[in-house]
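Bear in mind that the values here come from a model prediction, so they are computed numbers and not experimental data.
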Amino acid sequence: MTQELTPDIAAEGRERTASDSAAAPSAGALVVVLVGTFITVLDFFIANVAVPAIKADLHATAAQAQMIVVGYGVAFTSGLITGGRLGDLYGRRRLFALGMALFMIASAACSFAPNVTVLVVARILQGGSAALMVPQVLGIIGTVYTGAARDRAFNVYGLVIGLAGVFGQFIGGALISVDIAGLSWRTIFLINVPLCLISLALTRRTIPESRGQGGTRLDLTGALLITVALGLVVFALLEGQERHWPVWVWESLAAAAVLLAVTVWHLRRRSAAGRGPLIEPGMFRSRLFSVGLVATVVYFLAMGSFFFTLALYLQLGRGLSPLESGLMFLALGAGYFGASLVSARFAATVNARRVSAGPLVLALGYTAIGLTAKDLQLDGSVLWLLPMLLVAGLGMGLTTGPLTNLVLGGAVPEHAAAASGLLNTAQEGGAAVGVAIAGTVFFPALAHAGGKADAYPHAFTVTLIPLVCLGVLASLLVLAAPGRAARR
């Protein structure tokens, strides 16, 4: 869901190698890379609906419960740009297969985790493996397919992203409810193993090897700085509310700010020396791209955290089963797909004013959901939430794709591929950090209200207040960007 409309722009920056120019289009190649795409996006969203069951089974704390989701997202986010650069240097098929194999091993470790510490570590390894695999997909599609076949492949890619995001909650709920062999939540990770085995068996047979042109060395220093800075922010937010905000938490946040400043200095210095920085500073000369990128982070802060808190409210607060909770999420999916179809018709004329309406609709949906949840308490039927969830889904569909096109439309053409990778990082990072921020509001509000089932409607409603503010802020930021139409 978070990457749905990036392929067209990203493909512009990919270059085919001579060894692959004669390769005939293969439907098998598309199927294999889309399986990898589907399971990596699915595993971010599917964990939300499993958190209550994991929390009860492994006796996880609030911070550990968040880390099950956030750890995956942070590792995924911080490794995307580095993973893409590694594929350009050492071969996209090779890195895709390596990422797939490591993802399979990490998934097996998740499914058999004896305690929450092992599960969190395995989830971080999962995210790191996904960061090796996912960046290769666009390059492989751009290498294997040309012309109309490439357009169709990118359309299917976008559809798969949407399906994984929308149905992740439902698939997770169904697997947990069926409770195959008494494995409960463990099946949501174990199902990845046979899918990865089949894909690995077909990878060498269906996907030709390809590399990016230009032997740029990997910027290990830049990768390390960005990873540590992001990790410090998320760790401080998670542990801060759990430990009542001790001094070291604020020191960690300050250290992260210093590291980000050092990162900017390092990237500029490396760029000036012509040594290929991990992120090219020249991309930020475009105001549309820069402001739009900030708006993207703010929007995904509001969107990613909502899935996490809604799952907790529905299951622990209202007593819904994982399957019933997953079915409620389908209302979001219906709104998302409906709005996406409408947005696609106006893709060629996207402008800032039109895109700014999406986050406002999202904020309106969140407001209605919060007021309804407060009114329902524990007595009213949760089905009253369905129309409001539909509105929130409409806001997501009106924002995700159009905002992506608007931002990438402002990217300098020679940095199109790098801009796409950076935007994907902003999207995934915003969603992951959003879960951490939501936890700093949700769990203290829950404890303050008594911590029992009747406290969940209050905690859920309070948590939606900053999410509404983030939606409004995202809208204002989009309006602050130049009102140019997006490039197709």
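Ring centroids of Tyr366 and Phe306 are separated by less than 6.0 Å, placing the two rings close together.
Interatomic distance, Leu98 CG to Phe103 CZ, rounded to the nearest 0.5 Å: 13.5 Å. Here Ile105 contributes atom CD1 and Asn192 contributes atom CG; the two are 13.0 Å apart, rounded to the nearest 0.5 Å. Between the CG atom in Leu398 and the CZ atom in Arg354 there is a gap of 10.5 Å [rounded to 0.5 Å].
Across every non-hydrogen atom of Met328 and Leu389, the tightest pair is O-CD1, 3.6 Å. The heavy-atom pair separating Ser356 from Val478 by the smallest distance is N-CG1, 3.8 Å. For Cys110 against Arg186, the heavy-atom pair with the smallest separation is O-NH1, 4.3 Å.
When each of Leu125, Leu119, Val121 is paired with Arg123, the side chain to side chain contact (heavy atoms under 4.5 Å, CB included) condition holds for Leu119 and for no other. When the options Val262, Leu260, Leu220 are evaluated for a side chain to side chain contact (heavy atoms under 4.5 Å, CB included) with Leu225, the one that passes is Val262.
The local environment of CD1 in Ile191 is sparse, with at most 12 non-hydrogen atoms from other residues, nucleotides or ligands closer than 6.0 Å. The number of heavy-atom neighbours closer than 6.0 Å to CH2 of Trp248, taken from other residues, nucleotides and ligands shown, is above 12.
Using a 4.5 Å heavy-atom threshold, the side chains of Leu378 and Pro457 count as touching. In this structure, the side chains of Phe460 and Thr463 stay at 4.5 Å or more apart for every pair of heavy atoms.
Ring geometry for Phe442 versus Tyr456: interplanar angle of 30 to 60°, hence tilted.
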